[in-house]
Engineer: 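Have a look at this one before I ask anything.
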Protein chains: 2
Amino acid sequence: MLYTVSEENYIKAIFHLQGDEGMVTTNALSAELQTRPASVTDMLKKLKTKKLLVYEKYQGFRLSAEGRKVALGIIRRHRLWEFFLSEKLRFSWEEVHEVAEQLEHVTSVKLIDKLDEYLGYPRFDPHGDPIPDRNGKIATHERICITAIPPDHPMEVCHVGNQSPELLDILRHNHIAIGTYLSVRKKFSFDNSLEVCTANGPAFVLSEAVAKHVWMKKIDTI
Amino acid sequence: MLYTVSEENYIKAIFHLQGDEGMVTTNALSAELQTRPASVTDMLKKLKTKKLLVYEKYQGFRLSAEGRKVALGIIRRHRLWEFFLSEKLRFSWEEVHEVAEQLEHVTSVKLIDKLDEYLGYPRFDPHGDPIPDRNGKIATHERICITAIPPDHPMEVCHVGNQSPELLDILRHNHIAIGTYLSVRKKFSFDNSLEVCTANGPAFVLSEAVAKHVWMKKIDTI
DNA sequence: AAAATCATTTAGACAAATCTAAAAAAATAT
DNA sequence: ATATTTTTTTAGATTTGTCTAAATGATTTT
């Protein structure tokens with residue numbers, strides 16, 4: 001079954017808004033998609049008749065098993081293109097999202113599988129988000145927030161939990177990217193800010209607001 | 001100015017139907033696009049108000065200078081993606097067109113310029129068609145139809161003038177692709193068929209219908 | 001040159017995705 | 001428990017791109 005660009009955007013947004021087991025509201029979705037609540041209601045009816053949604057009037061909604069599968073396919077396409085743009089075309093990580101929003105709607109299973117192969121079956125995109133495989137399986141890093149790691153134990157940044165240009169800007173300014181090794185030098189309990197540093201770089205401070213979005217890879221080796 | 005997918009498809013089709021200086025008819029365009037003539041008329045009005053067309057009722061039409069520029073941009077995107085699919089993702093040349101039809105509508109100037117750079121600024125796509133550069137300039141091979149070359153002078157196939165699956169199938173069966181060196185061994189005047197062969201391969205026959213679509217690169221060296 | 005045919009346009013309709021304004025249901029406050 | 005506010009849905013309109021059927025312009029035949 002093929003879906004319109006608009007349907008795909010709704011499905012993807014619902015997937016992101018519903019965590020595990022959560023319900024989504026009409027207003028939340030309309031805010032996410034920058035449309036009017038009335039438009040959302042219309043689309044919900046449509047997605048319900050296509051059996052992608054569990055939805056009863058006034059009760060909130062979430063994706064059905066089938067809807068979830070469709071969402072994972074869209075996210076797979078989005079993140080593979082992000083990886084391609086970043087890795088092959090050398091886009092910076094703030095730039096990839098917008099272009100991938102368009103590329104994700106190109107529907108050719110063969111294209112995506114060949115792209116996946118060409119890229120070497122990457123499991124994480126440039127923001128550290130997992131890329132579903134062709135069966136919808138997603139890998140997970142064992143990860144821990146930088147606010148929670150012990151001081152003076154260098155670890156690798158593996159995920160950024162917010163992709164707003166503002167946050168990406170501040171991270172880039174401090175030379176923090178996926179793969180960067182950081183260690184915490186001091187925690188200031190007054191405002192929960194952190195003094196951190198790279199292996200041979202200068203120390204600098206992350207506010208709590210920034211730090212809570214920075215996640216580190218748990219390393220199982222000693 | 002940005003155009004809808006539908007507008008872009010009309011512009012591209014008009015570009016292909018009008019040769020140099022030619023006019024296009026409503027029926028020809030409706031046949032090309034698999035729509036009804038009435039739908040074409042509707043779109044012509046729209047493209048005219050956007051100044052992409054030279055069009056007076058009942059008189060036929062062609063692209064304006066601006067329309068031509070837009071068309072070349074679309075064709076650039078299409079052919080760069082075809083090259084990418086063929087060269088990097090190893091699609092066969094029959095498969096590239098359909099996927100490129102979708103990818104060509106992704107509008108990001110930066111994406112296309114970076115892709116162009118990544119691919120090494122190719123000047124011809126997998127069918128031997130020229131890829132416009134970012135200013136709309138297109139390279140041309142000096143080329144000659146295989147029906148017109150003298151016998152026993154090996155030359156390189158540089159262009160295939162028809163991309164129907166049927167023709168591509170027959171060419172693939174005979175191991176003819178862009179870059180293949182062929183020489184004509186004999187011309188049969190009865191039906192204008194040609195006996196041709198590769199450097200060390202067996203001889204085989206091309207019917208006139210096939211041969212007239214096969215073009216060879218004129219080599220300026222002796 | 002009138003008749004017949006063919007090409008093109010107009011008129012009116014439809015589906016998809018959106019909107020505004022108003023109504024209805026649910027949640028919250030008094 | 002009733003009133004108020006918030007959320008959600010309905011009703012009806014709009015835009016885009018398409019369609020069919022009918023009308024009109026252009027071309028060809030006799």
Side-chain angles (χ1 to χ4, degrees), chain A residues 1-15 17-18 22-63 67 70-71 74 101-102 104-107, chain B residues 1-18 22-64 67 70-71 74 101-102 104-107:
Chain A
M1 193 50 92
L2 283 188
Y3 302 98
T4 66
V5 169
S6 201
E7 287 169 336
E8 289 193 346
N9 284 333
Y10 274 87
I11 294 165
K12 189 168 51 123
I14 296 167
F15 182 90
L17 288 176
Q18 72 176 53
M23 295 293 267
V24 183
T25 66
T26 303
N27 270 7
L29 186 51
S30 88
E32 175 80 12
L33 291 169
Q34 308 267 61
T35 61
R36 298 299 177 158
S39 310
V40 170
T41 301
D42 289 343
M43 183 59 90
L44 292 178
K45 287 185 200 160
K46 194 171 163 190
L47 295 177
K48 187 188 176 180
T49 68
K50 296 196 176 186
K51 300 199 189 297
L52 298 175
L53 228 46
V54 178
Y55 168 53
E56 292 305 328
K57 288 206 292 193
Y58 296 105
Q59 296 306 126
F61 47 90
R62 60 191 155 78
L63 294 175
V70 174
I74 300 165
E101 287 279 299
Q102 291 188 63
E104 74 189 6
H105 300 296
V106 174
T107 51
Chain B
M1 191 52 89
L2 282 188
Y3 303 99
T4 66
V5 169
S6 203
E7 286 170 336
E8 289 194 345
N9 284 332
Y10 274 88
I11 294 165
K12 188 168 52 125
I14 296 167
F15 182 89
H16 283 129
L17 288 175
Q18 72 176 53
M23 295 291 268
V24 182
T25 65
T26 303
N27 269 7
L29 185 51
S30 89
E32 175 82 10
L33 290 169
Q34 308 268 63
T35 61
R36 298 299 178 161
S39 309
V40 170
T41 301
D42 290 342
M43 183 59 89
L44 293 179
K45 287 185 201 160
K46 192 170 165 191
L47 295 178
K48 186 188 176 179
T49 67
K50 296 196 176 186
K51 302 202 188 294
L52 299 174
L53 275 190
V54 178
Y55 168 54
E56 294 305 329
K57 289 207 291 193
Y58 297 106
Q59 298 305 126
F61 47 90
R62 61 192 155 78
L63 294 175
S64 67
V70 173
I74 300 164
E101 287 280 299
Q102 291 189 63
E104 74 189 5
H105 299 297
V106 175
T107 51

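Every heavy atom of this structure was used, including side-chain atoms; hydrogens, water molecules and symmetry mates were not. Naming convention: chains lettered A, B, ... in sequence-line order (proteins, then strands); numbering from 1 in each chain.
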Engineer: Output the rounded distance in Å from CG (B:Leu29) to P (D:dT18).
Structural biologist: 11 Å
Engineer: Got a list of side-chain donor-acceptor pairs under 3.5 Å for residues 24-40 of chain A, not counting sequence neighbours?
Structural biologist:
{"residue": "A:Thr25", "atom": "OG1", "partner": "A:Ala28", "partner atom": "N", "Å": "3.2"}
{"residue": "A:Ser30", "atom": "OG", "partner": "A:Asn27", "partner atom": "O", "Å": "3.1"}

Engineer: Could you list the residues that satisfy side-chain hydrogen bond (donor to acceptor under 3.5 Å, both in side chains) with A:Lys50, not counting sequence neighbours?
Structural biologist: A:Glu7
Engineer: Which residues satisfy the side-chain hydrogen bond (donor to acceptor under 3.5 Å, both in side chains) test with A:Gln18, sequence neighbours excluded?
Structural biologist: none
Engineer: Counting only side-chain N and O atoms of B:Arg36, is one of them less than 4.0 Å from OP1 or OP2 of D:dT18?
Structural biologist: no
Engineer: Output one line per pair: protein atom, nucleotide atom from nucleotides 7-11 of chain C, and distance, for all N/O pairs under 3.5 Å.
Structural biologist:
{"residue": "C:dT8", "atom": "OP1", "partner": "B:Thr26", "partner atom": "N", "Å": "3.4"}
{"residue": "C:dT8", "atom": "OP2", "partner": "B:Asn27", "partner atom": "N", "Å": "2.7"}
{"residue": "C:dT8", "atom": "OP2", "partner": "B:Asn27", "partner atom": "OD1", "Å": "3.3"}
{"residue": "C:dT9", "atom": "OP1", "partner": "B:Tyr55", "partner atom": "OH", "Å": "2.5"}
{"residue": "C:dT9", "atom": "OP1", "partner": "B:Tyr58", "partner atom": "N", "Å": "3.1"}
{"residue": "C:dT9", "atom": "OP2", "partner": "B:Thr26", "partner atom": "OG1", "Å": "3.1"}
{"residue": "C:dT9", "atom": "OP2", "partner": "B:Thr41", "partner atom": "OG1", "Å": "2.9"}
{"residue": "C:dT9", "atom": "OP2", "partner": "B:Tyr55", "partner atom": "OH", "Å": "3.4"}
{"residue": "C:dT9", "atom": "O4'", "partner": "B:Tyr58", "partner atom": "OH", "Å": "3.4"}
{"residue": "C:dT10", "atom": "OP1", "partner": "B:Lys57", "partner atom": "NZ", "Å": "2.8"}
{"residue": "C:dT10", "atom": "OP2", "partner": "B:Lys45", "partner atom": "NZ", "Å": "2.9"}

Engineer: Quick check: do B:Leu47 and B:Ile14 have side-chain heavy atoms less than 4.5 Å from each other?
Structural biologist: yes
Engineer: Mind checking side-chain hydrogen bond (donor to acceptor under 3.5 Å, both in side chains) for B:Gln102 and listing every partner two or more places apart, or none if nothing turns up?
Structural biologist: none
Engineer: Identify, residue by residue, the members of residues 6-14 of chain B with a heavy atom below 4.0 Å from DNA chain C, and return them in order of residue number, or none.
Structural biologist: none
Engineer: Does B:Glu56 reach the side chain of B:Lys48, with side-chain heavy atoms less than 4.5 Å apart?
Structural biologist: yes
Engineer: Which pair of non-hydrogen atoms, one from B:Tyr55 and one from B:Gly60, has the smallest distance, and what is that distance?
Structural biologist: CD1-O, 3.8 Å
Engineer: I need the minimum non-hydrogen distance between B:Ser6 and B:Met43, along with the two atoms involved.
Structural biologist: OG-CE, 3.8 Å
